[in-house]
Structures are given as structure tokens and as C-alpha cells.
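The structure under discussion appears below in the form of C-alpha cells.
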Amino acid sequence: MMASLVEEAAQIHAQGLESNLQGGGIDEELELYQPFQKDQITLPEEVQCMAVKTLLHMCKIPFSLRLRANAENMSPSGGVPFIKVGPQIVSEFDPIVEYLDLKGISLSRELSGSQRSEMKAYMALTVNRLYSAEVYLSWCCETIANKVTKPRYGAPYPWPLNKLLPWYKQREAKKYLKVQGWLEKSQDEVYEELKMACKALSDKLDDQYYFFLDRPSELDALVFGHLYSLLTFQLIDDKMADIVNSFPTLTRFVERIQENYFIAPEMDDV
Amino acid sequence: MNPGMNPVMNPGMDPGMYPWDESWDESWDEPGLNPGMNPVMNPGIASALYPIFRANEKVFKDSDEEVIKYLKEKNFNADAGLTDQERADVLAYAALMEERLQPALLYLWWVDAKNHVEFSRPWYARAFHFPFNYFLPGRIHRAAEERLESTRGGNHILPEELRSKVFKDAKDCLDLLSEKLNEQQFFFGDSPSSLDALVFSYLAPILRVPFPNNELKDHVKQSENLWMYCSRILQRYFPATSEDAAEQKRNETMRDTPNSLDDDPHKVRNIVLSVAVALCALVGYGLMSGLVQLEVVGHEGEEDDSEDGMAE
């Protein structure tokens with residue numbers, strides 16, 4: 001009796017594993033939570049959300065977008081966006097990639113070892129340089145911080161909070177930059193870093209359709225998220241967009257991905 | 001600029017090129033390094049900025065990029081033979097290591113309790129001059145903790161979680177590097193580039209610094225190509241000259257004796273000091289409470305009496 005029960009349990013377990021290995025995918029509805037796009041989200045958050053959305057589109061996973069003013073506080077790691085599948089909540093780009101990989105959905109499965117190594121390296125470059133530059137420009141460049149980032153970040157809150165919370169967030173951002181050694185950089189140096197990172201990406205992409213092979217990888221999603229937001233996010237000046245625009249390879253890449261994965265009406269919804 | 005400098009021995013190959021430069025300053029015999037050049041020992045510079053690079057009149061601090069730029073201007077460019085794509089790779093892998101490997105090294109140096117208490121703190125304290133040895137190691141320790149905390153998921157993370165996260169990242173990164181290096185001599189074929197210098201600067205401390213607790217060393221040893229690669233670079237660019245060998249021998253022989261000698265005077269001094277302090281406290285207490293005074297007077301009287309008695 002006991003033995004048969006154990007056997008049965010083992011069988012069920014094995015079946016479960018199998019279906020996972022076969023890439024059972026995600027059965028339940030996937031919800032993506034993020035702050036309001038139009039008047040709340042800040043540039044670094046927008047970048048992250050865009051990257052995750054692109055990733056999901058590339059994996060062909062349907063998802064429904066949930067806009068919440070307090071998405072940041074709902075997220076387990078304090079970063080947006082996060083996805084909710086049934087009872088599971090996963091936040092931010094890298095953990096989401098890992099989560100999908102566990103579910104048998106991966107964009108980089110067919111890459112060779114050295115290609116995957118390169119992909120990870122370029123992803124680190126994107127995060128380390130582009131993201132830091134975005135945080136720096138949004139929070140440490142006084143005019144942008146005061147005129148764009150802070151009002152947007154404080155938008156959903158009433159009076160004392162809409163001054164306090166952005167101030168608190170700015171302190172956090174400065175701390176992040178300080179430990180990365182970016183706080184002492186001047187604005188021009190940051191633009192220079194941005195330019196160098198873009199040049200590296202553009203050199204790597206060259207005239208290929210995607211970064212690796214003939215199919216999209218996580219790197220494509222991440223890079224698109226960054227570049228698209230840099231190109232379209234309304235800041236005071238267009239300096240960042242100009243830098244990206246000076247690399248035609250990259251702008252063509254952004255246009256291509258946009259056409260392939262973001263159909264026009266959907267963009268309007270977002 | 002030293003005119004004899006070999007361009008192949010490129011800027012990056014300078015051991016001062018990596019963020020852990022201060023680690024090389026003394027105590028174990030890294031060929032090609034002069035402990036006397038230790039910036040820490042220079043009392044004027046206690047700002048903990050390394051490396052310090054002096055060429056003619058110019059002095060650079062804490063900025064390997066600036067130094068490389070300067071050397072490029074002088075036509076010492078290690079990356080001259082690379083294609084644009086390879087140069088992009090250099091930047092990408094530099095970012096990868098900064099993102100993944102550097103936190104683990106910080107952890108090994110300053111956050112791991114055993115390493116910190118038994119190794120890095122006393123070691124640094126020895127290297128700094130008197131007032132600095134008390135607060136500079138602590139300051140570096142706090143900076144490292146702060147950095148790990150804010151790049152690895154905020155302050156709600158548990159210490160054990162942080163540890164496993166940091167080392168998982170680092171091991172992933174080492175695997176990626178090993179994958180990229182493959183069977184090649186250097187990262188881009190047969191000649192070194194600035195990426196090789198950078199990678200070596202991360203790997204060398206893992207392999208050579210005698211940490212009491214070192215999770216990463218075994219991992220590097222396991223990936224044979226990285227291990228071979230390190231010994232190759234050591235052999236080629238930090239060769240032990242006969243002078244070095246002689247010095248090493250001298251150091252080795254000195255190490256057994258002077259080390260114990262070195263510690264001994266401290267011990268004696270400490271004992272003397274503590275005895276002196278204890279005595280002072282005792283006598284002070286006696287005087288304050290009036291005990292000693294009474295005794296002394298009484299004693300003197302007795303002595304006088306007895307002496308008198310003897311005399312009589």
C-alpha cells in the first residue's frame with residue numbers, strides 16, 4: 001500500500017519534471033506590473049520595463065500589462081517591472097530570464113559556449129555603462145532631475161510626499177552611483193561613457209540582423225530596451241538621443257525590432 | 001617615461017593597473033614589485049587612491065583609464081592590432097568583470113569575517129602609518145560593504161544570501177572567461193591586449209593572496225586554461241630575475257627569524273606597557289584613597305625604628 005503510494009508520487013513527480021524539461025511553458029496568465037507610463041515612470045525604470053516587455057514578446061509569451069502607481073513598492077526586490085504568474089512573483093530582468101529558462105523558455109539555447117559568454121559580457125556592458133549613465137543623467141544632472149525626474153516620480157502622491165519621496169529616491173540613486181564610482185564623473189564624462197558603450201555595441205552588431213545568429217537573444221531585448229528608451233524618452237535636451245542617433249547601425253536595429261515585435265496599436269495602448 | 005620600456009610589456013601589464021593594487025604592496029614576494037614604492041607608506045598620501053603612476057612631471061592617481069590614455073598618446077598601445085569588434089569585446093568583458101567578479105573580490109578582502117579579521121585588517125594595519133592604521137582599514141571595509149549592499153539587492157538581503165549570490169556570480173563569470181579564452185594563448189590570439197592585463201589583474205589576487213578563506217581559488221584551478229594562462233603571464237611578464245631570486249632567498253631566510261623577532265619586541269613592549277599601566281593604576285588608586293600614604297608613613301616610621309634599633 002505504502003510502496004504503491006510512494007511509487008505513484010514518484011511518477012507524478014517525474015511527469016512534472018518531464019513537462020518542465022520539455023518546456024511546458026507557462027500555463028497561467030502572465031501579468032506584468034509597472035508604474036504609469038505616461039506621467040510617472042522615470043527613465044531608468046522605463047528602460048527596464050521596455051527590456052522585459054521586449055523579452056516577453058521575443059519569447060512569444062502573451063502577457064497583460066498592469067499599471068500601478070506603487071509598483072515599485074509591490075516588487076519583492078524594490079525594482080520594476082515584475083511579473084506575476086499564478087502565485088509566483090519575479091522581478092527585474094535577470095531573474096526573469098532565469099525564471100523563463102527554468103520554464104524551458106530561453107532565447108539563447110542555441111548559442112555556442114563562446115557566443116553565450118560574449119552575450120553575457122555585452123549584457124554586463126549594457127547594464128554597467130548604459131544603465132549607470134541613465135541613472136546619472138536622470139538623478140544627478142540638476143536640471144533634468146528637478147524638471148523631469150522628480151516631478152514624474154512624485155506625480156501620484158499628495159503634497160508633502162511628492163517632495164519627500166523623490167528626494168529620498170535621489171539619495172538612493174546617488175548612493176548607487178557613488179559605490180560604482182560614477183558620482184565624481186562630470187556630465188561630459190558620462191556622455192563620453194555613453195558614446196563608448198554605444199560604439200562598442202554598434203561595432204559588435206556590425207551589419208547583422210541580430211547580435212548572434214539569425215535569431216533574437218536576451219541581449220537584443222536588453223539593448224533594444226535601453227536604446228529605444230534613450231531615443232524616445234522626453235528629457236530636457238536631446239543629447240542622449242543624439243548620441244544614439246550618431247550610430248546608424250543602432251538606430252536601424254531599433255527600428256527593425258520595433259517593427260517586428262511591437263505592432264503599432266499595441267504601442268499606443270502602452 | 002622609461003625609454004627602455006618594452007611596448008609589448010604594455011600598460012596593462014603593469015601590476016599597478018588593477019583596482020587591488022594596494023594588495024601588492026608587501027608581505028609576499030610578487031616578482032617585479034618594490035615594497036619601498038608602496039604608496040601607502042608615503043605619509044603624504046593617505047587617501048587610499050591607487051595606483052599612482054608617475055611619468056615625467058605628470059602624476060596619475062586611481063585611474064587606470066587615464067594611464068592607458070597617456071600611454072596611448074606616447075604610442076604604447078596594446079590594442080593597436082585589434083579590430084573594432086575585438087575592441088568592443090575588451091570593453092564588454094571589462095564591464096562583465098566589474099559587474100560580476102569585483103564584488104566577489106571585495107567580499108574576499110573585506111566582508112568575509114574570517115579573512116577580514118585574520119588577514120586583511122591586520123595586514124593593512126601593519127602597512128599604514130600610526131594614526132591611519134586605526135581608521136583606514138575600517139573605512140575600506142565599510143566602503144566595500146556599502147558597495148556590495150547597494151549593488152546586490154538592498155539591505156533586506158541576508159548575509160548568507162549575499163554570500164551565495166556574490167560567489168555564484170563570480171563563478172559564472174570565471175566560467176565565461178574560460179569559455180572565451182578557450183585554448184588560445186591570450187584572449188585575442190597570440191599577442192596580449194589590455195583585456196589580458198585586466199583579466200590577470202582580477203585572477204592574480206584570487207590565486208596568490210593567501211586568504212584563509214578562498215572559495216574562488218579552487219574554481220580557477222579547476223578550469224585548466226585559466227590556470228595555465230595565469231602561470232604563463234606570470235612567467236612571461238613577471239620573470240624572477242637573479243636579483244629577485246636573491247632577494248626572495250634573503251626574504252625567506254629573513255622571514256623565519258625577523259618575523260619572530262619582529263613580533264617579539266612588540267610583545268615585550270606590550271608586556272612592559274601593560275605592567276606599567278597596571279602599576280600606575282594600582283599606585284594611583286592607593287594614593288587617591290589614602291591607603292598608600294598611610295602605609296608609607298607607617299612603614300618609614302617602622303623602618304626608622306628598626307634602623308635605630310639596629311644602630312643601637
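Naming: A, B, ... by sequence-line order, numbering from 1 per chain.
Annotation: residues 217-230 of chain B contacts chain A through no residue [non-hydrogen atoms, separation under 4.5 Å].
Ring planes of H116(B) and H141(B): parallel class, angle under 30° (limits at 30 and 60°). Ring geometry for W109(B) versus F211(B): interplanar angle over 60°, hence perpendicular rather than tilted (30 to 60°).
Aromatic pair Y124(B)/W110(B): centroids less than 6.0 angstrom apart.
The neighbour count for N73(A) CG, taken as heavy atoms of other residues, nucleotides or ligands under 6.0 Å away, is above 12. Annotation for K169(A): atom NZ counts as buried by contact number, over 12 foreign heavy atoms lying within 6.0 Å.
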For a salt bridge (charged side-chain N to carboxylate O under 4.0 Å, His left out) check, start with the C-alpha distance between R163(B) and D112(B), then their side-chain angles and the critical distance, and finish with the verdict. CA-CA 9 Å; R163(B) 186 195 176 85; D112(B) 184 279; 2.9 Å; yes
With side-chain hydrogen bond (donor to acceptor under 3.5 Å, both in side chains) as the criterion, how do S138(A) and T42(A) come out once you've worked through the C-alpha distance, each side chain's angles and the decisive distance to 0.1 Å? CA-CA 8 Å; S138(A) 318; T42(A) 58; over 6 Å; no
Show, in sequence, the C-alpha distance, side-chain angles and deciding distance for E98(B) and R129(A), and conclude whether the salt bridge (charged side-chain N to carboxylate O under 4.0 Å, His left out) test is met. CA-CA 11 Å; E98(B) 198 177 305; R129(A) 299 288 152 87; 3.6 Å; yes
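Heavy-atom pairs under 4.5 Å with chain B peak, among D206(A), V179(A), L201(A), at V179(A). Across A94(B), C173(B), A144(B), A95(B), the residue that shares the most heavy-atom pairs under 4.5 angstrom with chain A is A95(B). Counting heavy-atom pairs under 4.5 Å between each of S114(A), G113(A), S202(A) and chain B puts G113(A) at the top. By number of non-hydrogen pairs under 4.5 angstrom with chain A, the leading residue of M97(B), E99(B), R87(B) is E99(B).
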